[in-house]
Colleague: 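For reference, the structure I am asking about is given below.
Counting starts at 1 for both ligands and their atoms, following the listed order. In what follows, every heavy atom counts, from backbone to side chain, and hydrogens, waters and symmetry copies are set aside.
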Amino acid sequence: MVEQIGNLTFGIIKPDAVRAGKVGTIIQRITDGGFKLHGLKLIHMTRQEAEGFYAVHRERPFFAGLTEFMSSGPCVVTVLEKAGAVKAWRDLMGATDPAKADAGTLRKEFGASVGENAVHGSDSEENARIEISYFFSQLELVG
Ligand code: DAT
Ligand code: MG
């Protein structure tokens, strides 16, 4: 897996999109976008788990709202494979603020606000590796 890491990224279908019944549609968009699913599961993060995941943002004013939202319901965590996966997945997601996201992106279509923006994606190969291992054991990743 180590040699494939450049082709892997980590994604989350966030609680707002799960609540809205968009899991199936978003997974379809992911596979239509040429990504292969490497890992996939439904989880419900505790507040503490959300705080650990977003620890890099702990000094930001939106940290409390962000971790409350991310622990407010189930979400789907994914490991996605594609050439240049980190950028390709962020391109499909769109800008952090759905109002500024390009047409055709997931955040434009499914995000309600900068705080509740439907999906997460790693911002670098190094963070993808860290985020994948935060949620997935080696046994839960395929091929
Ligand atoms: P991204 O998710 O596009 O990588 P980020 O890493 O800057 O964006 O922020 C992580 C999440 O924090 C983001 O998806 C939603 C939330 N967030 C960021 N900026 C925010 C803001 N100004 N107000 C409220 N929530 C914000
Ligand atoms: Mg980020």
Side-chain angles (χ1 to χ4, degrees), residues 1-138 140-141:
M1 180 174 135
V2 168
E3 60 277 11
Q4 294 179 312
I5 199 76
N7 293 331
L8 295 180
T9 194
F10 172 75
I12 303 179
I13 304 174
K14 293 185 179 183
D16 55 337
V18 175
R19 270 194 287 274
K22 299 301 179 189
V23 169
T25 304
I26 291 174
I27 290 175
Q28 187 70 59
R29 293 278 292 275
I30 288 170
T31 52
D32 286 350
F35 293 89
K36 185 177 158 213
L37 294 170
H38 217 71
L40 183 73
K41 63 182 173 181
L42 186 70
I43 64 163
H44 187 157
M45 273 184 255
T46 64
R47 184 72 178 260
Q48 220 176 7
E49 286 164 345
E51 288 171 354
F53 177 65
Y54 279 116
V56 65
H57 293 307
R58 65 188 170 279
E59 306 300 337
R60 309 287 287 276
F62 56 80
F63 183 68
L66 174 62
T67 56
E68 181 182 11
F69 165 60
M70 290 301 288
S71 59
S72 69
C75 56
V76 173
V77 286
T78 66
V79 179
L80 308 176
E81 181 184 352
K82 187 179 181 176
V86 167
K87 180 176 188 304
W89 173 229
R90 289 199 66 98
D91 286 349
L92 180 56
M93 288 199 308
T96 305
D97 182 352
K100 295 177 186 157
D102 289 340
T105 63
L106 296 173
R107 281 170 162 172
K108 183 65 162 190
E109 197 168 335
F110 303 114
S113 65
V114 66
E116 303 204 1
N117 56 8
V119 284
H120 165 86
S122 307
D123 61 7
S124 67
E125 288 179 18
E126 171 66 3
N127 283 335
R129 192 185 60 74
I130 291 166
E131 293 175 359
I132 290 167
S133 60
Y134 191 77
F135 290 104
F136 289 92
S137 75
Q138 200 55 241
E140 293 173 309
L141 299 173

Colleague: Tell me, which protein residue and heavy-atom name are nearest atom 9 (O) of ligand 1, and how many Å apart are they?
Modeller: His57 NE2, 3.5 Å
Colleague: Within a reach of under 6.0 Å around NZ of Lys100, are more than 12 heavy atoms found that belong to other residues, nucleotides or ligands?
Modeller: no
Colleague: Heavy atom to atom 14 (O) of ligand 1, shortest distance: which of Ile12, Val56, Thr67, Asn117 holds it?
Modeller: Asn117
Colleague: Taking the six-membered ring where the residue is Trp, are the ring centres of His38 and Phe136 under 6.0 Å apart?
Modeller: no
Colleague: Please state which protein non-hydrogen atom is closest to atom 3 (O) of ligand 1 and give its distance, to 0.1 Å?
Modeller: Thr96 OG1, 2.5 Å
Colleague: Hey, which atoms in ligand 1 end up nearer than 4.0 Å to a heavy atom of Arg90?
Modeller: 1 (P), 3 (O), 4 (O)
Colleague: Counting non-hydrogen protein atoms only, what is the nearest one to atom 24 (C) of ligand 1? Give residue, atom name and distance.
Modeller: Phe62 CB, 3.5 Å
Colleague: Which residue and atom name correspond to the protein heavy atom nearest atom 2 (O) of ligand 1, and how close is it?
Modeller: Arg107 NH2, 2.9 Å
Colleague: Is Lys108 atom NZ crowded by more than 12 heavy atoms from other residues, nucleotides or ligands, each under 6.0 Å away?
Modeller: yes
Colleague: Indicate yes or no: does Arg129 engage Glu125 in a salt bridge with an N to O separation below 4.0 Å.
Modeller: no
Colleague: Side-chain contact test, heavy atoms from C-beta onward, threshold under 4.5 Å: evaluate it for Lys22 versus Glu109 and give yes or no.
Modeller: no
Colleague: Who's the nearest protein heavy-atom neighbour of atom 23 (N) of ligand 1, and how far?
Modeller: Val114 CG1, 3.5 Å
Colleague: Please determine whether any non-hydrogen atom of Lys14 lies less than 4.0 Å from an atom of ligand 1.
Modeller: yes
